[in-house]
K.L.:
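If you scroll down you'll find the structure; I have some questions about it.
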Amino acid sequence: MNVLSRLETRGIPYLRALFRSSSIKYLTLLAGLASLGSVFGMASDSMYGVSNQINLIAYWHIGLATAAAVALTVTFLGCALYLTTETPFWEFLAHSSGEVGFLMVTLTLATGSVWGKVIWNSWWEWTDIRLVTFLVIWFIYAGYLLIYSAGGDSASLKRITSVYGIVGFVTVPLSYLSTRLWTPTFHRPTTGNPDADATITVPALLLSIAALLLVYLYLVGSRVQLRELKRRVNYARRDRALDDHAMGPSQGGD
């Protein structure tokens with residue numbers, strides 16, 4: 001309980017200040033430009049024995065997948081915190097991160113399909129465990145967003161959605177570990193795998209991952225701020241309507 005109290009009193013104000021900081025916007029822009037410059041200026045376009053400019057998309061494909069994993073992890077944590085505290089901020093954070101995470105999962109699948117057509121001569125392969133499990137993630141979080149959008153202001157449905165967000169998260173680590181748990185068709189592990197034959201320029205990859213993580217942070221911060229502003233506007237309208245209703249009979253009596 002002490003940890004939760006610190007999160008409420010310190011964590012929420014810190015995150016709000018981070019989301020409102022204009023430096024995030026400028027850092028995102030600088031990191032994006034650095035990523036573009038490094039990928040087109042120094043990154044290797046030869047991977048898995050194939051030399052093609054389309055291989056450069058891999059630097060953003062991997063960055064998108066990494067940012068998607070972070071986003072859906074934040075959704076998981078936000079759902080857990082909302083169920084524990086019922087503080088609206090955690091609900092806003094969970095849903096906003098889920099929206100951005102779903103977008104990044106979609107872009108990961110799209111860029112991976114384009115890249116795979118060149119490397120493996122296939123837009124899609126149902127026998128590849130990474131592709132299939134990542135598609136499962138897409139469906140799970142599409143369901144999360146649909147359930148949330150159907151809930152409106154229903155507190156019970158918000159709790160149900162949060163439980164769904166917690167349970168559905170199991171697909172995320174499962175997908176990322178799938179190439180080590182099962183034999184992959186295409187996606188062979190590259191980290192810690194001496195037999196990997198992919199060629200990738202690490203500095204360019206790290207810059208792309210950093211840039212996309214900053215894009216995620218900027219988008220989530222914007223969405224959370226919008227949700228909180230909308231909540232304040234709704235409360236202001238409700239209070240005004242109550243005041244008008246309370247003043248109506250007395251004015252009529254005058």
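Basis for what follows: all heavy atoms, side chains included, without hydrogens, waters or symmetry-related copies. Keep in mind it's a predicted model, so treat the numbers as computed, not measured.
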K.L.:
Determine, step by step, whether Y59 and I209 satisfy the side-chain contact (heavy atoms from CB on, under 4.5 Å) criterion, reporting the C-alpha distance in whole Å, the side-chain angles of both residues, the deciding distance to 0.1 Å, and the verdict.
P.N.:
CA-CA 8 Å; Y59 293 89; I209 291 174; over 6 Å; no
K.L.:
Under the side-chain contact (heavy atoms from CB on, under 4.5 Å) rule, what do W90 and I12 come out as? Steps first, then yes or no, please.
P.N.:
CA-CA 9 Å; W90 300 123; I12 293 178; 3.6 Å; yes
K.L.:
Less than 4.5 Å apart, side chain to side chain, heavy atoms only: is that true for V224 and H95?
P.N.:
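In short, these two side chains do not touch, never coming nearer than 4.5 Å.
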K.L.:
May I ask whether L29 and V100 are part of the same hydrophobic cluster, defined by side-chain heavy atoms of I, L, V, M, F, W, Y residues being less than 4.5 angstrom apart, directly or through others?
P.N.:
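No, L29 does not connect to V100 through the hydrophobic network.
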K.L.:
Sub-3.5 Å donor-acceptor pair from the side chain of S97 to the main-chain atoms of A71, do we have one?
P.N.:
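Present.
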K.L.:
When rounded to the nearest 0.5 angstrom, what is the spacing between OH in Y26 and CG in L30?
P.N.:
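Interatomic distance, Y26 OH to L30 CG, rounded to 0.5 Å: 10.5 Å.
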K.L.:
Any side-chain heavy atom of W124 within less than 4.5 Å of one from L131?
P.N.:
yes
K.L.:
Can you name the closest pair of heavy atoms from V172 and L72 and give their distance?
P.N.:
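In this case the closest contact between V172 and L72 is CG2-CD1, 3.8 Å.
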K.L.:
Once rounded to the nearest 0.5 Å, what's the spacing between atom CD1 of I140 and atom OG of S175?
P.N.:
12.0 Å
K.L.:
Should L213 and L207 be counted in the same cluster of Ile, Leu, Val, Met, Phe, Trp and Tyr side chains packed under 4.5 Å apart?
P.N.:
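No, because L213 and L207 fall into different hydrophobic clusters, even though each may have its own neighbours under 4.5 Å.
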K.L.:
Indicate the atoms forming the closest heavy-atom contact of G168 with T171, along with that distance.
P.N.:
O-OG1, 2.8 Å
K.L.:
Any donor-acceptor pair under 3.5 Å linking the side-chain atoms of S35 with those of W60?
P.N.:
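Yes - a donor-acceptor pair under 3.5 Å links their side chains.
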K.L.:
What distance separates F134 CZ from F139 CZ, expressed to the nearest 0.5 Å?
P.N.:
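Separation between the atoms: 13.5 Å.
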K.L.:
Using modelled atom types and a 3.5 Å cut-off, is there a donor and acceptor pairing between side-chain atoms of S162 and backbone atoms of K158?
P.N.:
yes
K.L.:
Less than 4.5 Å apart, any side-chain heavy atom of I62 and any of I200?
P.N.:
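Touching, per the 4.5 Å side-chain cut-off.
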K.L.:
Using the rule that Ile, Leu, Val, Met, Phe, Trp and Tyr join whenever any side-chain heavy atoms are under 4.5 Å apart, tell me whether L27 and L219 fall into a single cluster.
P.N.:
no
K.L.:
Please determine whether residues I160 and F76 belong to a single hydrophobic cluster, defined as Ile, Leu, Val, Met, Phe, Trp and Tyr linked transitively by side-chain heavy-atom distances below 4.5 Å.
P.N.:
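Same cluster: I160 reaches F76 through Ile, Leu, Val, Met, Phe, Trp or Tyr contacts under 4.5 Å.
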K.L.:
Report the relative orientation of the aromatic rings in W120 and W115; use parallel for angles under 30°, tilted for 30 to 60°, perpendicular for over 60°.
P.N.:
tilted
K.L.:
Between S122 and K117 (side chain of the first, backbone of the second, donor and acceptor by atom type, cut-off under 3.5 Å), is there such a pair?
P.N.:
no
K.L.:
Identify the two heavy atoms, one from R130 and one from T133, that lie closest to each other, and give their separation to 0.1 Å.
P.N.:
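Scanning both residues completely, I find the closest heavy atoms to be O-OG1, 3.1 Å.
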K.L.:
Does A17 offer a backbone N or O that forms a donor-acceptor pair with the side chain of S21 under 3.5 Å?
P.N.:
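Here the side-chain-to-backbone pair does not exist.
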K.L.:
Enter the distance from L109:CG to M104:CE here, rounded to the nearest 0.5 Å.
P.N.:
13.5 Å
K.L.:
If hydrophobic clusters are built by linking Ile, Leu, Val, Met, Phe, Trp and Tyr wherever their side-chain heavy atoms come under 4.5 Å apart, do V114 and V39 end up in the same one?
P.N.:
yes
K.L.:
If we ignore angles and hydrogens, is there a donor and acceptor under 3.5 Å between the side chains of T106 and W138?
P.N.:
yes
K.L.:
Please report the interatomic distance OH(Y144) to CD1(I137), rounded to the nearest 0.5 Å.
P.N.:
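Reported to 0.5 Å precision, the distance equals 15.0 Å.
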K.L.:
Measure across A31 and L214 and return the closest heavy-atom pair with its distance rounded to 0.1 Å.
P.N.:
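Closest approach of A31 to L214, heavy atoms only: CB-CD1, 3.6 Å.
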K.L.:
So, E91 versus Y148: side-chain donor-acceptor pair below 3.5 Å or not?
P.N.:
yes
K.L.:
Start with the C-alpha distance between I166 and L83, add both sets of side-chain angles, then the distance that settles side-chain contact (heavy atoms from CB on, under 4.5 Å), and finish with yes or no.
P.N.:
CA-CA 10 Å; I166 292 171; L83 284 177; 3.5 Å; yes
K.L.:
Backbone N or O of L93 within a donor-acceptor pair of the S96 side chain at under 3.5 Å?
P.N.:
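Judged by distance alone, no pair lies under 3.5 Å.
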K.L.:
Roughly how far, to the nearest 0.5 Å, is CG of L56 from OG1 of T201?
P.N.:
9.0 Å
K.L.:
May I ask you to decide if A34's main-chain N or O and S38's side chain share a donor-acceptor pair within less than 3.5 Å?
P.N.:
yes
K.L.:
Please report the shortest heavy-atom distance between N52 and I54, naming the atom on each side.
P.N.:
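Nearest pair, atom of N52 first, then I54: OD1-N, 2.9 Å.
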K.L.:
Using every non-hydrogen atom in the two residues, find where M42 and A204 come nearest and quote the distance to one decimal.
P.N.:
CE-N, 4.3 Å
K.L.:
Check this for me: Y164, atom OH, are more than 12 non-hydrogen atoms of other residues, nucleotides or ligands nearer than 6.0 Å?
P.N.:
yes
K.L.:
Can you check side-chain contact (heavy atoms from CB on, under 4.5 Å) on I24 and T28, steps first, answer last?
P.N.:
CA-CA 6 Å; I24 297 298; T28 302; 4.0 Å; yes
